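These figures come from a predicted structure and were not determined experimentally. Residue numbers start from 1 in every chain, and the chains themselves are labelled A, B, ... in the order their sequence lines are given, proteins ahead of strands.
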Protein chains: 2
Amino acid sequence: MDATLRDRWLERAEQRLAGAGLRAGAARTAVVELLAREGQCLLSAQEVTDRLRPEGVGSAASVYRVLDELFELGLLHRLDGRDGIARYEIADPERHHHHIVDEHTGEVRPFTDERLEEAIAAVGERLGMRLTSHEVILRGVRGRSTTSDD
Amino acid sequence: MDATLRDRWLERAEQRLAGAGLRAGAARTAVVELLAREGQCLLSAQEVTDRLRPEGVGSAASVYRVLDELFELGLLHRLDGRDGIARYEIADPERHHHHIVDEHTGEVRPFTDERLEEAIAAVGERLGMRLTSHEVILRGVRGRSTTSDD
DNA sequence: TTATATGCAAAAGCTTTGCATGGGT
DNA sequence: ACCCATGCAAAGCTTTTGCATATAA
């Protein structure tokens with residue numbers, strides 16, 4: 001867990017939430033703090049709710065509402081999975097990653113790639129669009145493009 | 001509509017479906033033919049069902065089943081939208097595109113970019129993964145990265 | 001003839017919403 | 001005090017599944 005990232009996001013989140021005239025209730029506070037700690041990789045509403053249960057706060061409704069609020073404020077990235085479940089992770093302007101899924105294990109690994117980012121920016125330019133967000137999902141299996149295979 | 005693409009896909013689809021020991025019923029035939037014609041851009045199960053209604057075939061259940069079959073056989077790409085709806089489009093090995101969404105209008109435009117593809121292939125190499133599929137979604141607004149804004 | 005495809009209706013699963021209550025500011 | 005946040009339960013939606021029937025091979 002990246003503590004710098006956590007603190008930076010937490011501060012920005014609280015700023016922006018307050019700035020939007022929203023109030024800090026128990027559920028929202030718990031969700032935000034959980035995300036700051038454990039939301040650096042993808043988390044579903046269900047997972048958030050489950051991890052909050054021990055604390056005795058965070059109904060499904062509140063979790064969904066808070067997650068959506070944070071997303072709308074640009075504080076979270078959102079990915080809609082093949083399984084019909086939305087997953088969120090904290091959005092940090094200075095740090096940016098994408099995901100690669102192992103088709104065998106289902107494991108999701110984050111990665112960053114400068115060349116990929118440049119290519120994407122160039123596409124936006126070429127198409128005459130100012131990009132507000134983008135997402136890349138790679139799927140594959142272990143092992144390079146040799147002929148071996150599984 | 002690209003007739004070459006349509007015919008190539010149709011042929012490959014029928015081959016692969018037959019090869020999998022599946023039978024050609026009325027619903028599947030209708031779905032496959034519709035996709036060959038109009039499935040070059042994203043289409044939801046609902047949209048497929050609606051367009052098949054005049055023909056009097058294609059219940060929701062059958063459409064979902066056929067769509068999933070085709071996807072599992074690698075004949076369709078699948079994208080899970082923000083709205084919780086899955087959309088499909090025909091997969092052509094020789095042609096490959098991604099999508100850019102206009103945040104104002106919701107309009108989805110397909111695009112291709114060689115440099116982007118190369119960057120993605122390089123990432124797979126670097127991470128030691130043989131890529132089986134990948135998707136890129138860009139979101140933005142009209143106008144280049146000037147300071148104007150929307 | 002025999003296994004598969006189809007359609008209807010019911011069920012399942014994620015997410016949203018209505019409403020009364022509790023809690024920030 | 002005022003208004004927002006919360007939680008429960010019900011509703012909404014897309015997608016899946018069970019089952020009887022029709023149909024391809």
Which part of the nucleic acid, if any, lies within contact of A/Gly21, taking any heavy atom under 4.0 Å across all strands shown: a base, the sugar-phosphate backbone alone, or nothing? nothing

Measure from CD on A/Glu69 to C1' on D/dC4 and round the result to the nearest Å. 10 Å

Between atom CZ in A/Arg53 and atom P in D/dT6, what is the gap in whole Å? 17 Å

Only residue of A/His97, A/His77, A/Arg78 satisfying side chain to side chain donor-acceptor pair (under 3.5 Å) with A/Glu89 is A/His97

Side chain to side chain donor-acceptor pair (under 3.5 Å) with B/Arg95: which of B/Thr112, B/Thr4, B/Asp2? B/Asp2

Nearest-Å distance, CD (A/Glu14) to P (C/dT25)? 11 Å

Have a look at A/Leu138 and tell me which of B/Val136, B/Leu131, B/Thr132 forms a side chain to side chain contact (heavy atoms under 4.5 Å, CB included) with it. B/Leu131

For every nucleotide of nucleotides 15-25 of chain D, 5' to 3': is a protein heavy atom under 4.0 Å from its base (B), only from its sugar-phosphate (S), or from neither (-)? BBBB-----BS

Below the 4.0 Å mark, does C/dT6 have OP1 or OP2 next to a side-chain nitrogen or oxygen of B/Ser59? no

Walk me through whether B/Arg87 and B/Ser44 qualify under side-chain hydrogen bond (donor to acceptor under 3.5 Å, both in side chains). CA-CA 4 Å; B/Arg87 275 167 244 272; B/Ser44 69; 4.6 Å; no

Expected list for residues 115-122 of chain A: side-chain donor-acceptor pairs under 3.5 angstrom, two or more places apart:
residue	atom	partner	partner atom	Å
A/Glu117	OE1	A/His96	ND1	3.2
A/Glu117	OE1	A/His134	NE2	3.0
A/Glu117	OE2	A/His98	NE2	2.9

Distance in angstrom units between B/Leu52 CG and C/dT6 P, rounded: 11 Å

Output yes when A/Arg126 and B/Asp113 qualify as a salt bridge under the 4.0 Å nitrogen-oxygen rule, no when they do not. yes

Please state how far atom CG in A/Leu17 lies from atom P in C/dG24, giving the value in whole angstrom units. 16 Å

